[in-house]
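In what follows, every heavy atom counts, from backbone to side chain, and hydrogens, waters and symmetry copies are set aside. Reminder, nothing fancy here: chain letters follow the sequence lines and each chain counts from 1.
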2 protein chains.
Amino acid sequence: MSTAIDLADRGGVDDLSMRRLADELGFKVMSLYNHVANKDELLELMVDRILGAVEFVDTGEGVIEDDDGAAANDDAVDAETDSASETGAADWRTAIIHLAVAEHRLILAHPWVASVMNTVFPRTGRWRLAEELLRLLTLGGFTGHLRDLGYHAITLHVGGFTQQQIGYQFTPEREAEMYARFHRDVTEDVYPLMVDHVRYHEVMDTIPGERPDEFRFVLDLILEGLERRRDDP
Amino acid sequence: MSTAIDLADRGGVDDLSMRRLADELGFKVMSLYNHVANKDELLELMVDRILGAVEFVDTGEGVIEDDDGAAANDDAVDAETDSASETGAADWRTAIIHLAVAEHRLILAHPWVASVMNTVFPRTGRWRLAEELLRLLTLGGFTGHLRDLGYHAITLHVGGFTQQQIGYQFTPEREAEMYARFHRDVTEDVYPLMVDHVRYHEVMDTIPGERPDEFRFVLDLILEGLERRRDDP
DNA sequence: ACCTGAACACCGTTCAAGT
DNA sequence: ACCTGAACACCGTTCAAGT
């Protein structure tokens, strides 16, 4: 029934109204309130269904499993992460990267999640993720204040960076207007570096935030820095 | 006239409707469309006014100045940044930190900016910021792909991290409901680390994302990592 | 237990008419 | 040049009434 996700996947979350959803389901608006307290609860359920689908990597110890009982250790994400999985059990660092990238990708696949995520209460799908991240950090030898900082650094990076990237995903019409405005307002004499920057993207044929490795790049910076602070003073 | 910002500062952006704004100004709704094409343009102007207020630090070279002609080099932000400003002219690193922290604080002071920023076209207030950041990175010896990565890493961090932090700023009622839900759903047997984590925050008497140094912490990780990649292979 | 019609208090925006 | 009344096509939600 909560397959109102399709509707949001199509027209974005702004096109998801209780009225449109009811139409789609063949009911009248008010029937929905028999299954859901209000729109906030609907969004809550939708977000949690998406985020609940993140799968954990096997670290060789007690793994918190998915609702479906699946604890994946070989899929597209894993293939990109570093080695170390030759042993069968991944180390904490690989597992955190897997977790973050998997969540990042799920949000990119359902862009409306990014904006709704923040305004809605967490449910089990999100608590799971939080607990697992804390577990992996602990496994990595992080405790106390540094674990706390690391936890926030990573979660805020996953949510925030992804959300910002999605902001760069324009519809064709917006893309066209953006292009027009840029060439009208941003001239080489006033903004030489900005012009250069955009030219660079044109040559590379990339849209800012669409380059697949940017999320990983910053994630790596964060993890490196955390490790250094763990090992030094 | 664009002092509809007050309205958004008070009740959040959801309480800012064309109708309420007109009421506040003593006009009828439709009069607004004589001064602004539509609501999007209004939000565009509001965001740009806020972000246009970010002041740049003097790096001793050609400084792009504020609209007001102010090129601040000693205020609250500067006091927190590292030394190096004894010379009068700040180095690129200090200046980037200043820039990022200043923008971060402005957004925190007008939380609605975070959510609107992404959905609205940039104007001169934002182009300035982009150009200045690129200038500082160039000053720091970054070129090509690394400068590009650094630029995106920093801008997405400023916007995204801040936005996520704001998501943690609950109203008292939401705070109370969050508290109740947490203690109902997150039990020590299933989520031991999460319980521990929240207990840590309670002892520290901090709300996640309210600790003032978290933004700087991750920013430092990013800048450190960028420097290392600039100096090494 | 689930559905519905009518109603309430809202939105953004257009358009023709006023001064 | 600026303001406005009426209207259009929408919102989320409540409540009493139906089966």
Q: Whether A/Lys28 contacts C/dC3 is assessed here as follows: a side-chain N or O lying under 4.0 Å from the phosphate OP1 or OP2. Is that the case?
A: no

Q: Rounded to the nearest Å, what distance is computed from the CG atom of residue B/Leu42 to the P atom of nucleotide C/dG12?
A: 10 Å

Q: Could you tell me how far apart B/Leu21 (CG) and C/dC11 (C1') are, to the nearest whole angstrom?
A: 14 Å

Q: Rounded to whole Å, please give me the gap between CZ in A/Arg20 and P in D/dG12.
A: 11 Å

Q: Side chain of A/Tyr33 only, heavy atoms from C-beta on: which candidate in D/dG12, C/dT4, D/dA6 is closest?
A: D/dG12

Q: Return yes when atom OH of B/Tyr179 has more than 12 non-hydrogen atoms of other residues, nucleotides or ligands closer than 6.0 Å, and no otherwise.
A: no

Q: Can you tell me the distance, in whole Å, between the CG atom of B/Asp40 and the C1' atom of C/dG12?
A: 10 Å

Q: Would you call the rings of A/Phe161 and A/His157 parallel, tilted or perpendicular, where under 30° means parallel and over 60° means perpendicular?
A: tilted

Q: For B/Glu41 and C/dG12, what is the distance between atoms CD and P respectively, to the nearest whole Å?
A: 15 Å

Q: Which is true for A/Met18 with a 4.0 Å heavy-atom rule: it touches a base, it touches only sugar-phosphate, or it touches nothing?
A: sugar-phosphate

Q: Could you state the CG-P distance from A/Asn34 to D/dT19, rounded to the nearest angstrom?
A: 16 Å

Q: Starting at atom CG of B/Leu32, determine the distance to atom C1' of C/dC11, rounded to an integer number of angstrom.
A: 14 Å

Q: How many whole angstroms separate atom CG of B/Asn38 from atom C1' of C/dC11?
A: 15 Å

Q: Hey, what do you get for NZ (A/Lys39) to CG (A/Leu32), rounding to the nearest 0.5 Å?
A: 11.0 Å

Q: Ignoring the backbone of B/Lys39, work out which of C/dG12, C/dT14, C/dT4 is nearest its side chain.
A: C/dG12

Q: List the steps and the verdict of salt bridge (Lys or Arg N to Asp or Glu O under 4.0 Å) for B/Glu132 and B/Arg135.
A: CA-CA 5 Å; B/Glu132 174 69 358; B/Arg135 192 182 72 80; 3.0 Å; yes

Q: Both distances below 3.5 Å, Watson-Crick or wobble geometry, any strand: find the nucleotide opposite D/dC2.
A: C/dG18

Q: Is any side-chain nitrogen or oxygen of B/Ser17 closer than 4.0 Å to OP1 or OP2 of C/dC11?
A: yes

Q: Is A/His35 near enough to C/dC3 that one of its side-chain N or O atoms lies under 4.0 angstrom from OP1 or OP2?
A: yes

Q: What's the gap between C/dC10 and D/dA9 when it is taken at their P atoms, as a whole Å value?
A: 22 Å

Q: Nearest nucleotide by nearest heavy atom, which residue falls closer to the 5' end of DNA chain C, A/Gly26 or A/Arg19?
A: A/Gly26

Q: For the residue pair A/Arg105 and A/Phe215, would you count it as a cation-pi contact if the rule is NZ or CZ under 6.0 angstrom from the ring centre and within 45 degrees of the ring axis?
A: no

Q: Is D/dT13 paired to anything, Watson-Crick or G-U wobble with both distances less than 3.5 Å, and if yes, which nucleotide?
A: C/dA7

